[in-house]
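It should be emphasised that the depicted structure is a prediction, and the values quoted were computed from it without experimental measurement. Chain letters run A, B, ... following the sequence lines, proteins first, then strands; residues in each count from 1.
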There are 2 protein chains.
Amino acid sequence: MSTQKGKRSGVDIIQVARRAEVSPATVSRVTNGRSTVARHLAKRVWKAIEELGYTPNPQARALVSGRSRVLGLLVSEITNPFFPELMQSFEDLAGAHDFEVMVGSTNYNLERARVFIRRLVQRRVEGVAVMTFRAESHLLDELIAHNIPLVTIDVSADGARSVVLEVDYALGIDQAVQHLALLGHRRIGFASGPMPHLTNVRRRDAFVQSAHKIGLPSQSAPVFVGEHTFEGGTQAALHFLDSKAPPTAIVCSNDMMAVGVLRVMSERGIKVPRDMSVVGFDDIHLAEFVNPPLTSVRMSRQDLAQAAFRGLEKLWSAGDEKSLQPIRVGTSLVVRQSTDAPKEALAALGRRSRMQDKLAIR
Amino acid sequence: MSTQKGKRSGVDIIQVARRAEVSPATVSRVTNGRSTVARHLAKRVWKAIEELGYTPNPQARALVSGRSRVLGLLVSEITNPFFPELMQSFEDLAGAHDFEVMVGSTNYNLERARVFIRRLVQRRVEGVAVMTFRAESHLLDELIAHNIPLVTIDVSADGARSVVLEVDYALGIDQAVQHLALLGHRRIGFASGPMPHLTNVRRRDAFVQSAHKIGLPSQSAPVFVGEHTFEGGTQAALHFLDSKAPPTAIVCSNDMMAVGVLRVMSERGIKVPRDMSVVGFDDIHLAEFVNPPLTSVRMSRQDLAQAAFRGLEKLWSAGDEKSLQPIRVGTSLVVRQSTDAPKEALAALGRRSRMQDKLAIR
DNA sequence: TATATTCGAGAAATCGATTTCTCGCAATGG
DNA sequence: CCATTGCGAGAAATCGATTTCTCGAATATA
């Protein structure tokens, strides 16, 4: 009963060949569409495939072709909703190109990451997207040693076949600054993370340029450098509040700092956004749920996933060439409730709108 | 330069065999630990493996052994944080047993699910955990046709090699009812989902029994049957509020209903939990973020993942036997802020505590 | 018309393991 | 002391595809 014992369940290429009265080689040629096969033969083959419900055995295929059709995706924590969304986009894209994806989340645990990477190597993945925003110390060495194509964020891996996704922080920061300017802010502080990190330098530079672009003199766009943490944020907030001309808005280089800023405001009885606007960066999970929900700069997971996949495609077609052009990925502003017009501007707006009323009446 | 062209990068079993001066068969025997190999030969083999950094090619291994060492995991939506956590537990477990996991989320889209399942079949997965809580119409047919071991929730798949995870709704519901009783509630309503669904019958029955167990007469534990939706919840709430003896707490068969109940309370100016306690079921994402955060019954993702994996193991060792014992999975109460003592009980508690004060002073 | 060239399809080699077969040697028993 | 059994290890078959080799037929060229 049921399936016959001893025999493997699947239909193999030989059975298809027999039924179509061609050689297995021809069946292979048809399914892969590589070489030309006479029209009538191909038709017979497709018919046989259909009738037998044949699907090529991926293991056999991988063995001879040397291509496993499996990719790796390394994320930092699966509980941050950013990553499941990224995973899904990446998997859909990969799936459409007949790849499977092994996903691993480091949970910021080096050993865990190492174990996962070993699994990737053992499974002969054809490429890995490292979406952790942290170039963990020598984590990638094993991948590099096996010459596995790598896509990383911001920082390139030395000696690897890799493509860097260069996040265009300027896009989102520009939007943030413009957003604030449009609301009427003329003094905007920037709470930067520590400068050794390239990504922080980029974020800071983006802010300085944006401020310049909307015509703010540099003393109206002060920069405070602190840790990329809650405490760093509180320090920044205190610094700005105690300066002679406190800004009416603070843009932070990361969300944790922004949360720190919010805390200080709440303690000092300064209402956000009425008395102070706050913008974060990264759009972590938390951002949505603090009080008030944080306006923040984020990057699209779809864009990121797509860029990562395209990066791998480039590497595959690049052959032995090592250094490829980085791929730019945009960022954009998510407006929530931590930003609004400053009090002074509201007053001005009030005057103006009364004027407009008069004009309208006239 | 770098790696030699033409040659595959990996070290294969033959190289290991040569270096250890044994046959490939012996190397295989050593790595798989199946047959007995002389001590000194095994030592030589391990040494060679170590020195060459050999890891067996999983594709070749899968091809000959007929075991892909890949599992499938089907979830309903990846954006509900329940599932990433479940995924991670399941993957960790699988990884520890040398399996990889293909994860797919249906997003409640039948076609999407179908595409994913086709991929599972094509990749020759050795088992699938269907964690969707919905026996989608004939979705699993393709898996069943290929005789792939299946683990499902609540409902078994006809004719499949499958194990059912029987969720013990009673555990968590019992906790919920006891929790409410302990707070002083003596009239508790249950908002049930539609009865055709087995899972709803089970939840309802569990409630009725629990209420009975704490000595509530059935008129103090009224049941309302509605849709498993927000609207179903609003209807239930209106029904209970307008009854002659409104309950002081409502237990819902699902979180969306609970959210509907909360909405009605908010509209009627009834404070939750002061004037009305509300308990949900499922503990969906939303539950944590509504106002007030919802006390809800959930099941542990670790337990679920573990039960799912054990189910597959059972199926593997069961051979052709079809119907296996179901595996029970517990549920438990997550207490948040939508439950508290009822006003009347608070007053009583006040009296009692004053009494206790006196006693203490004495 | 004879020869060179192209092209399509089958035969056979290959990928890298596992597993069955086979054989020699040592141990056991009559 | 010889025949039988058991066991460990190498030789060879196998898994299911792809890909290279090979060869005959068809077409193009002189």
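Residue pairs satisfying the ring pair (Phe, Tyr, Trp, His ring centres under 6.0 Å) criterion with at least one member in residues 301-326 of chain A, sequence neighbours excluded, are listed as follows: A:His97-A:Phe309, A:Phe99-A:Trp316.
Applying the side chain to side chain donor-acceptor pair (under 3.5 Å) rule to B:Glu100 yields the partners A:Arg119; only residues at least two apart in sequence or on another chain are considered. For A:Glu85, the salt bridge (charged side-chain N to carboxylate O under 4.0 Å, His left out) partners at least two apart in sequence or on another chain are A:Arg301. In this view, B:Gln325 satisfies the side chain to side chain contact (heavy atoms under 4.5 Å, CB included) rule with no residue, not counting sequence neighbours. Residues forming a side chain to side chain contact (heavy atoms under 4.5 Å, CB included) with B:Ser68 (at least two apart in sequence, or on another chain): A:Gln59, B:Val70, B:Arg124, B:Glu126. The salt bridge (charged side-chain N to carboxylate O under 4.0 Å, His left out) test applied to A:Asp168 returns A:Arg328, not counting sequence neighbours. In this structure B:Arg19 satisfies the side chain to side chain donor-acceptor pair (under 3.5 Å) test together with B:Glu51, sequence neighbours excluded.
The CG atom of A:Leu73 sits 9.0 Å away from the CZ atom of A:Phe83 when rounded to the nearest 0.5 Å. The distance from atom CG of B:Leu165 to atom OG of B:Ser156, rounded to the nearest 0.5 Å, is 12.0 Å. B:Ile13 CD1 to B:Arg18 CZ: the interatomic distance, rounded to the nearest 0.5 Å, is 12.0 Å. Atom CG of residue B:Asn107 and atom CG of residue B:Asn80 lie 11.0 Å apart, to the nearest 0.5 angstrom. Distance CZ/B:Arg161 to CG/B:Leu143: 12.5 Å, rounded to 0.5 Å. Remark: A:Leu304 CG to A:Ile153 CD1 distance equals 4.5 Å, nearest 0.5 Å.
Regarding B:Asp98, its CG atom lies at a distance of 15 Å from the P atom of C:dA17, rounded to whole Å. Rounded to whole angstrom, the span from the CD atom of A:Gln122 across to the P atom of C:dG16 amounts to 16 Å. Per the geometry, CG belonging to A:Asp12 stands 10 Å off C1' belonging to D:dC15, to the nearest Å. The CZ atom of A:Arg18 sits 14 Å away from the P atom of C:dG10 (whole-angstrom rounding). Rounded to an integer number of Å, the gap from A:Arg39 CZ to C:dA9 C1' is 17 Å. Between A:Asn32 atom CG and D:dG16 atom P the separation is 17 Å, expressed in whole Å. Computed from coordinates, the B:Leu63 CG to C:dA17 P distance equals 12 Å when rounded to whole Å. In this structure, CD1 of B:Ile14 is placed 7 Å from C1' of C:dG16, rounded to the nearest angstrom.
The closest donor-acceptor contact from the side chain of A:Thr152 to the backbone of A:Val164 lies at 3.5 Å or more, if one exists at all. With hydrogens and angles ignored, the 3.5 Å screen pairs a side-chain donor or acceptor of A:Ser317 with a backbone N or O of A:Glu313. A donor-acceptor pair is defined here as one N or O able to donate and one able to accept, closer than 3.5 Å; such a pair exists between the side chain of B:Asp12 and the backbone of B:Gln15.
Overall bending of the helix from C:dT1-D:dA30 to C:dG30-D:dC1, expressed as the angle between end axes built from five pairs apiece, is 50° (10° steps).
Closest-nucleotide positions on DNA chain D for B:Ser23 and B:Ala60 were compared, and the one nearer the 5' end corresponds to B:Ser23.
Among the atoms of the strands shown, base atoms are found under 4.0 Å from some heavy atom of A:Ser28.
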Show me the protein contacts with nucleotides 5-8 of chain C, counting only N or O atoms at under 3.5 Å.
residue	atom	partner	partner atom	Å
C:dG8	OP1	A:Thr36	OG1	3.2
C:dG8	OP2	A:Thr36	OG1	2.7

Name the pairs: protein N/O against N/O of nucleotides 20-23 of chain C, kept only if under 3.5 Å.
none

Close N/O contacts between protein and nucleotides 24-27 of chain D (under 3.5 Å):
none

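A close approach under 4.0 Å does occur between a side-chain nitrogen or oxygen of B:Thr26 and OP1 or OP2 of D:dG10.
Taken residue by residue, residues 43-59 of chain B places no heavy atom nearer than 4.0 Å to DNA chain D.
Of the candidates B:Val130, B:Ile148, B:Val128, B:Leu140 forms a side-chain contact (heavy atoms from CB on, under 4.5 Å) with just one, namely B:Val130.
Nearest to the side-chain atoms of A:Val64 among the listed nucleotides D:dA17, C:dA17, D:dG10 stands D:dA17. In this structure, of C:dG16, D:dT19, C:dT18, it is C:dT18 that holds the atom nearest to the side chain of B:Arg61.
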